[in-house]
2 protein chains.
Amino acid sequence: MTPVILIIEDEPAIADTIQYALETDGFETQILSLGRPVLERLAENRCDLIILDIGLPDINGMELCKLIRAQYTLPIIFLTARADEVDRVVGLEIGADDYVVKPFSPRELSARVRAVLRRTMGPAGHPAGASGFIIDTARHRITYCGRILDLSKYEFNLLETFIRRPGQVFSRDHLMALAWEDPCCSMDRTVDAHIKNIRAKLKAVSPDTDPIITHRGVGYSLKEDL
Amino acid sequence: MTPVILIIEDEPAIADTIQYALETDGFETQILSLGRPVLERLAENRCDLIILDIGLPDINGMELCKLIRAQYTLPIIFLTARADEVDRVVGLEIGADDYVVKPFSPRELSARVRAVLRRTMGPAGHPAGASGFIIDTARHRITYCGRILDLSKYEFNLLETFIRRPGQVFSRDHLMALAWEDPCCSMDRTVDAHIKNIRAKLKAVSPDTDPIITHRGVGYSLKEDL
DNA sequence: CTTTTTTTTCATGAATTTTTCATTTTTGTT
DNA sequence: AACAAAAATGAAAAATTCATGAAAAAAAAG
């Protein structure tokens with residue numbers, strides 16, 4: 001399940017920049033330009049992390065943070081123009097998980113979002129596209145270390161299920177169930193054969209690393225970014 | 001239990017500043033001026049968080065981070081003079097929980113330590129389950145005293161059944177039934193052999209305690225927390 | 001219908017895990 | 001203290017499990 005990030009920021013230019021960076025990295029995003037409607041929004045839909053501008057026109061960011069924290073435990077990253085040490089400490093003290101000062105790099109912000117979510121949601125916090133993989137769902141393509149992979153149908157399905165949950169160990173049965181449409185019951189090392197082919201293609205891109213881990217007697221998993 | 005913070009920093013002035021700030025805020029601290037001895041140190045004593053300078057004289061911080069993360073799940077905060085955006089992104093990508101650029105405010109660093117620990121350890125204390133064990137079902141992984149165990153299939157199954165019911169005494173037959181898929185009727189000290197292997201691996205992590213209790217003539221159980 | 005690609009199956013050898021077994025150590029009881 | 005039963009231990013044997021290469025079988029493309 002792709003993490004949903006709520007961006008609370010009144011300057012459209014900044015909000016858009018953040019949104020673009022996060023979506024490029026595989027997150028789902030939503031923008032709110034005012035602080036007051038946030039609680040309603042949280043009550044209605046799922047949200048995994050909030051990026052909160054402190055200088056909102058309608059309500060003080062610190063106050064809003066307190067209000068949110070009174071009801072929710074979800075992580076909050078403060079965004080602000082105030083670089084004062086005191087502000088930063090107070091911000092973190094008050095319960096923020098991170099504190100980013102403007103002007104900031106969108107890529108760094110996205111990386112910080114991922115760092116916080118890694119702790120909060122565990123393996124589920126990864127957006128599609130970890131371990132050097134990026135899934136382009138629309139084009140049905142997978143990129144590995146910047147290189148487009150030429151994959152057959154089941155190779156794609158298999159690799160996709162791995163990428164969507166990096167680190168999770170899948171049994172062969174489980175993989176069959178996830179990557180094959182009909183419950184193809186026969187399983188005489190079929191998965192193994194495909195894994196072998198995938199590995200060969202990944203090796204062609206990056207010869208010294210094998211991101212697929214074999215768990216003897218259990219199944220396979222994809223290496224998480226370390 | 002006071003959290004223990006390991007500071008890995010080669011400049012004494014900076015290390016002392018950090019130490020002072022953290023101890024003022026109630027943390028226990030320890031300073032290491034080199035990177036290589038870190039793994040030994042981790043094997044010996046408890047540590048809840050690492051502050052890691054990237055520019056160490058003996059080993060690259062990123063490499064060290066990977067080495068630590070291969071065995072431990074504890075949070076790491078990077079400390080560095082490099083303000084480059086690329087470095088920051090890579091640092092967070094690689095598994096750091098936060099990334100602080102020099103020069104920095106000691107009070108802010110301490111606040112960030114608290115923010116990370118709040119997520120990692122909960123409001124107070126360790127996240128550990130029974131007797132220091134944590135089961136990560138998705139990753140098919142068991143952590144013992146913060147250390148990732150390398151277990152074979154049946155070692156994993158066996159230890160898992162113990163952890164799920166701490167204190168309960170299981171007969172060998174019962175363990176066979178629970179941890180083996182087919183009712184493997186053979187029972188010639190098979191369980192004993194696996195228990196032996198598990199104990200050896202636990203001993204490698206914590207030499208002075210054996211959390212597995214033998215009940216003569218009956219079976220085995222896992223020590224409960226007090 | 002033929003050719004090509006993909007998927008599945010199979011056999012082999014190597015590596016690891018599991019099991020067995022003989023021996024030593026521990027434990028509880030007389 | 002001595003004894004017997006049970007468990008720990010170390011090492012060898014047996015059994016799995018997996019990677020690999022290659023050959024069928026099936027599906028897709030031309």
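Reckoned from all heavy atoms, side chains included, excluding hydrogens, waters and symmetry mates. To find a chain, count down the sequence lines: A is the first, B the second, and so on, and within it residues start at 1.
Distance CG (B/Leu175) to P (D/dA7): 12 Å, rounded to an integer number of Å. Taking atom CD1 of B/Ile213 as the reference point, atom P of C/dT27 lies 14 Å away to the nearest angstrom. Taking atom CG of residue B/Asn157 and atom P of nucleotide C/dT19, one finds them 11 Å apart after rounding to whole Å. Atom CD1 of B/Ile195 is separated from atom P of C/dT25 by 22 Å (rounded to the nearest Å). In this structure, A/Asn197 atom CG and C/dT9 atom P are separated by 14 Å, rounded to whole Å. Protein atom NE2 of B/His194 is 11 Å distant from nucleotide atom P of C/dT17, rounded to whole Å. Nucleotide D/dA7 holds its P atom 14 Å from the CD1 atom of B/Ile212, rounded to whole Å. Computed from coordinates, the A/Glu155 CD to C/dT8 C1' distance equals 13 Å when rounded to whole Å.
Comparing atom distances between the A/Tyr220 side chain and each of D/dC18, D/dA7, C/dT7 picks out D/dC18 as nearest. Across D/dA7, C/dT19, D/dC18, the shortest atom-to-atom separation from the side chain of A/Asp192 is found for D/dC18.
Each end of the helix from C/dC1-D/dG30 to C/dT30-D/dA1 gets its own rotation axis from five pairs of C1' atoms, and the angle between them is 40° to the nearest 10 degrees.
Put simply, the side chain of B/Arg216 and the base of D/dA6 share a donor and an acceptor less than 3.5 Å apart. Residue B/Arg189 places no side-chain atom within donor-acceptor reach of the base of C/dT20, judged by atom type and a 3.5 Å distance cut-off alone.
The residues A/Glu224 and B/Arg139 are annotated as salt-bridged, a charged nitrogen and a carboxylate oxygen being separated by less than 4.0 angstrom.
Test A/Lys196, A/Arg199, A/Lys203, A/Lys201 against A/Asp210 for salt bridge (Lys or Arg N to Asp or Glu O under 4.0 Å) and you get one pass: A/Arg199.
Under the 3.5 Å distance criterion, the side-chain polar atoms of A/Thr209 are left unmatched by any main-chain donor or acceptor of A/Pro211. In this structure, the side chain of A/Asp97 does not engage the main chain of A/Ile77 through any donor-acceptor pair within 3.5 Å. One N or O on the side chain of A/Arg41 and one on the backbone of A/Asn45 form a donor-acceptor pair closer than 3.5 Å.
Counting heavy-atom neighbours within 6.0 Å of B/Asp58 CG, excluding the residue itself, gives a total above 12.
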Under 3.5 Å between N/O atoms: give me all the protein pairs with nucleotides 21-30 of chain D, atom names plus distance.
residue: D/dG21; atom: N7; partner: A/Lys196; partner atom: NZ; Å: 3.0

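When only modelled atom types and interatomic distance are considered, B/Ser110 and B/Arg114 share a side-chain donor-acceptor pair under 3.5 Å.
Contact of the B/Arg172 side chain with the B/Tyr220 side chain is registered, since non-hydrogen atoms from C-beta on lie closer than 4.5 Å.
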Pair A/Ile18, A/Thr29 - check side chain to side chain contact (heavy atoms under 4.5 Å, CB included), show working. CA-CA 9 Å; A/Ile18 297 171; A/Thr29 60; over 6 Å; no

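Put simply, CZ on B/Phe27 and CG on B/Asp48 are 9.5 Å apart, with the number rounded to the nearest 0.5 Å.
The shortest distance between the side-chain N/O atoms of B/Ser152 and the OP1/OP2 oxygens of C/dT18 is below 4.0 Å. The phosphate of C/dT20 has OP1 or OP2 within less than 4.0 Å of a side-chain N or O from B/Thr190. The phosphate of C/dT8 has OP1 or OP2 within less than 4.0 Å of a side-chain N or O from A/Trp180.
No engagement by A/Phe156 is indicated, since no non-hydrogen atom pair under 4.0 Å with the nucleic acid exists. Among the heavy atoms of the strands lying under 4.0 Å from B/Arg199 are primed sugar atoms or P, OP1, OP2 only; no base atom is included.
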